[in-house]
Every structure is written in structure tokens, then in C-alpha cells.
Undergrad: 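Handing you this structure, nothing more for now.
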Amino acid sequence: MTDCMMLDKNSIKAFGAFYPGDINVCVDEIHLSFGAFADDRAAALLSLRVVEGEFIIDWLYTAEDIRRRGIMSDLFSFTYRAIGFAGSMETIRVICPGEELLDFFIGLGFEPHFDSGYKTYVSKLADMKIPSLGKKLPPTNKLSDMGKNELNIINKNLMATGELAYGVKLPVIPSDYTDYSCAAISGDKLKVLLLFEQDQEDIIDISYVYKANGSEKLLFLMLLSVRDEIEKKASGDIMIRAAALNEASQRLFEGLFPNAEMKNVYTADRLVG
């Protein structure tokens, strides 16, 4: 028997092992999370983010030893009923890296979209290929060391790019990213921005890359600097993961990581209720 419930700051603690980061994020002001209990223990977690009139599935996980028993399907059914009472949200959406996960959501009644053009890349950091550029430039500014004026320049430049800033949450706040994140600014212009996140010990995510026209060499030098820093601090084989949202970023990542495992990324959604 599966018992499902909406989670709060107290009940979320039972699911801490099911989430790679701080589990409290799953019950902050922009998330709704639901949990399932089976065999007298926490069994599955589903976390939704509320974004501009729809729910986005941020995370789902079922305990490995009790998978394929329909527990996650039961949790989804409970979630649909619960959020249906809210009335103001019309759709629930998910982003699926790879066909296997997409098939799972199709089985739950989601309508797939095959035309997003998104791709994900996963590669060993040691396999990163960067053109020979001669002498390295001095280290660039860490995002975490920047003051209010520099951060304002970054956010104003990103906001002015319109669609180019799609995929990064604005305003950019240093605490949202790892200490590897950095930027290069000249006057009031943003030249390069590299944002990284790390929820798993052995995987670092490239969350966002920005490059102004003519800043290609600077971008590669900054990537070299970050790679050196990660290799000094990390132990073992660190993996790099990146999502490409357009053709330009696909060309960049395929050039940087020629041996990467690539998966198509699909979106799918279904009506609430």
C-alpha cells in the first residue's frame, strides 16, 4: 500500500536521501513537493517548481530497491488531484533527457514535444579540448568576489540580450552557483560569463555560458583557468554536464567535449486535473 502526502518543512526531512542537494529547497517559496511512503518508510519524492502559470517537474526519485511497483505512478495520481484543487495552474511540464524517461512520462499521460532541439552533453573533465592559445591571461573575477556594481553590469547586459539570456535565472545571484563561476567585464560591458552548479560530488554542471561578440579567445582562456582550478580541488574523475539550448551552444559543447555522451532533450506536458 502506498501512502502519499504533500510535504512541508518537517516531513521533507524523511526524504533527504532522495535529493542530491539541500532537501529544504523542495519546500521553499517556489516549490511544491509530494512524497510517498511504502513498507513503512519513505519511498518516492516528486518536486514541482511554479513558473509563470505552470508547474515544472524539478526532481523525482524512487528508492532503488522498490522500483517498478507503481509507487511513482501512485504519487503522480495523488499530485494531479492535489494541484488540481489550486485551480490557477493549467499545465504540468517536464524536461526529459533521453527517450527512456520520455516514454515513462508518456505512460503517465504527458504529451511529448519532439522539436525543442535541446541536447545534453556529459563528458570527463579531462577530455575537454581547447585550442592552443599561447599565454594565459590573468585569472578572471570570481562571481562570489564581485560587488554590487559589477553584478548590476552583468544583469543589465543579460537582460538586454533578450532571448540570448534564456536558460539563466535573472538576476544572477552568486550564492546560486559554485565558486568556479566567473565573469569578465570591460567598462560597462559583459564579455564572458560562466556559471556552474554542483549537486553531485562527481558531476559539475555548466549552467550557463555567455560570450559577447569578439570574446572567443577570452572564453577559452577562462575555461582553461576553471578546468585547472577544478582539477586541483577535485578528486577522481570529475564529469562535466551541459545543456545546449541552441545551435551555437551545441557547436561550442561538441567542440569542447568531442567524446561526450549526447542525449536529445524533450519536453512534455499534460493538463492539470
Side-chain angles (χ1 to χ4, degrees), residues 4-36 42 44-62 72-98 101-102 104-106 108-113 116 118 120 155 158-159 163 165-178 181 195-200 203-208 241-245 263 265-273:
C4 302
M5 63 183 295
M6 182 181 292
L7 302 174
D8 58 24
K9 292 182 179 180
N10 292 318
S11 56
I12 193 70
K13 296 174 183 177
F15 297 85
F18 292 0
Y19 189 75
D22 180 4
I23 191 66
N24 295 303
V25 170
C26 296
V27 288
D28 65 15
E29 62 274 8
I30 63 169
H31 285 86
L32 285 177
S33 292
F34 300 85
L45 171 68
L46 172 62
S47 184
L48 308 175
R49 179 165 40 99
V50 182
V51 179
E52 296 180 354
E54 65 181 9
F55 293 106
I56 307 292
I57 297 175
D58 262 1
W59 184 256
L60 72 163
Y61 185 88
T62 303
M72 183 57 73
S73 295
D74 290 343
L75 183 55
F76 265 100
S77 295
F78 176 87
T79 300
Y80 295 143
R81 293 193 301 270
I83 63 179
F85 288 119
S88 59
M89 305 295 179
E90 295 183 355
T91 60
I92 180 170
R93 178 165 298 185
V94 66
I95 299 173
C96 305
L101 186 59
L102 180 66
F104 170 76
F105 281 101
I106 291 174
L108 291 172
F110 280 72
E111 181 72 23
H113 304 281
S116 70
Y118 301 165
T120 60
N155 286 305
L158 290 179
M159 290 175 184
E163 291 185 1
Y166 180 75
V168 63
K169 183 174 66 175
L170 298 177
V172 170
I173 300 172
S175 59
D176 288 342
Y177 303 96
T178 73
S181 301
L195 299 179
F196 299 89
E197 295 180 75
Q198 187 172 11
D199 290 329
Q200 298 173 251
I203 297 180
I204 295 176
D205 286 290
I206 301 177
S207 301
Y208 187 72
R241 182 168 55 196
L245 305 181
K263 290 184 178 180
V265 179
Y266 307 99
T267 61
D269 52 44
R270 63 165 285 176
L271 295 176
V272 171

Undergrad: Whether the S11 and D8 side chains hold a donor-acceptor pair (N or O, under 3.5 Å, no angle test) is what I'd like checked.
TA: yes
Undergrad: Output the distance between atom OG1 (T79) and atom CE (M6), rounded to the nearest 0.5 Å.
TA: 8.0 Å
Undergrad: Testing the basics here: between A44 and M72, what is the closest heavy-atom pair and its distance to 0.1 Å?
TA: CB-CE, 4.0 Å
Undergrad: Counting only heavy atoms from other residues, nucleotides and ligands, does the tally under 6.0 Å from CD1 of I95 exceed 12?
TA: no
Undergrad: Do F104 and L60 have side-chain heavy atoms sitting under 4.5 Å apart?
TA: yes
Undergrad: Looking at L101 and C96, what are the two nearest heavy atoms and their distance?
TA: CD2-CA, 4.1 Å
Undergrad: As an exercise, state the distance from CZ of F18 to CD1 of I23, rounded to the nearest 0.5 Å.
TA: 9.5 Å
Undergrad: When you compare the side chain of Y208 with that of V172, does any pair of heavy atoms fall below 4.5 Å?
TA: no
Undergrad: Would you indicate whether the side-chain heavy atoms of L271 and T91 approach each other to under 4.5 Å?
TA: yes
Undergrad: Test side-chain contact (heavy atoms from CB on, under 4.5 Å) on L46 and W59 and set out the steps.
TA: CA-CA 6 Å; L46 172 62; W59 184 256; over 6 Å; no
Undergrad: If you round to the nearest 0.5 Å, how far is OG of S47 from CG of D28?
TA: 8.0 Å
Undergrad: Got a second to check how far D58's CG is from S33's OG, nearest 0.5 Å?
TA: 8.5 Å
Undergrad: So T178 and I204, do their side chains get closer than 4.5 Å, heavy atoms only?
TA: no
Undergrad: Specify the closest pair of heavy atoms between H31 and V25, including all atoms of both residues, with the distance to one decimal.
TA: ND1-O, 3.3 Å
Undergrad: What distance separates H113 NE2 from Y266 OH, expressed to the nearest 0.5 Å?
TA: 13.5 Å
Undergrad: Pair L45, L7 - check side-chain contact (heavy atoms from CB on, under 4.5 Å), show working.
TA: CA-CA 9 Å; L45 171 68; L7 302 174; 3.7 Å; yes
Undergrad: Is the NZ or CZ atom of R270 both under 6.0 Å from the centre of the six-membered ring of F76 and within 45° of that ring's axis?
TA: no
Undergrad: Taking only residues two or more places apart in sequence, or in another chain, which ones meet Y177 in a ring pair (Phe, Tyr, Trp, His ring centres under 6.0 Å)?
TA: none
Undergrad: Which pair of non-hydrogen atoms, one from E197 and one from S207, has the smallest distance, and what is that distance?
TA: OE2-OG, 2.7 Å
Undergrad: In the structure I gave you, are the side-chain heavy atoms of L102 and I106 within less than 4.5 Å of one another anywhere?
TA: yes
Undergrad: Give, for atom CZ of R93 and atom CD1 of I56, the distance between the pair rounded to the nearest 0.5 Å.
TA: 6.0 Å
Undergrad: What pairs with F196 under ring pair (Phe, Tyr, Trp, His ring centres under 6.0 Å), at least two apart in sequence or on another chain?
TA: none
Undergrad: Test Y19 against I12 for side-chain contact (heavy atoms from CB on, under 4.5 Å), laying out the working first.
TA: CA-CA 10 Å; Y19 189 75; I12 193 70; over 6 Å; no
Undergrad: Looking at side-chain heavy atoms only, is the closest gap between L108 and Y80 below 4.5 Å?
TA: yes
Undergrad: Which pair of non-hydrogen atoms, one from F15 and one from A36, has the smallest distance, and what is that distance?
TA: CE2-O, 3.7 Å
Undergrad: Who passes ring pair (Phe, Tyr, Trp, His ring centres under 6.0 Å) against F110, sequence neighbours left out?
TA: F105
Undergrad: Return the minimal non-hydrogen interatomic distance between F78 and C4, and the atom names on each side.
TA: CG-CB, 3.5 Å
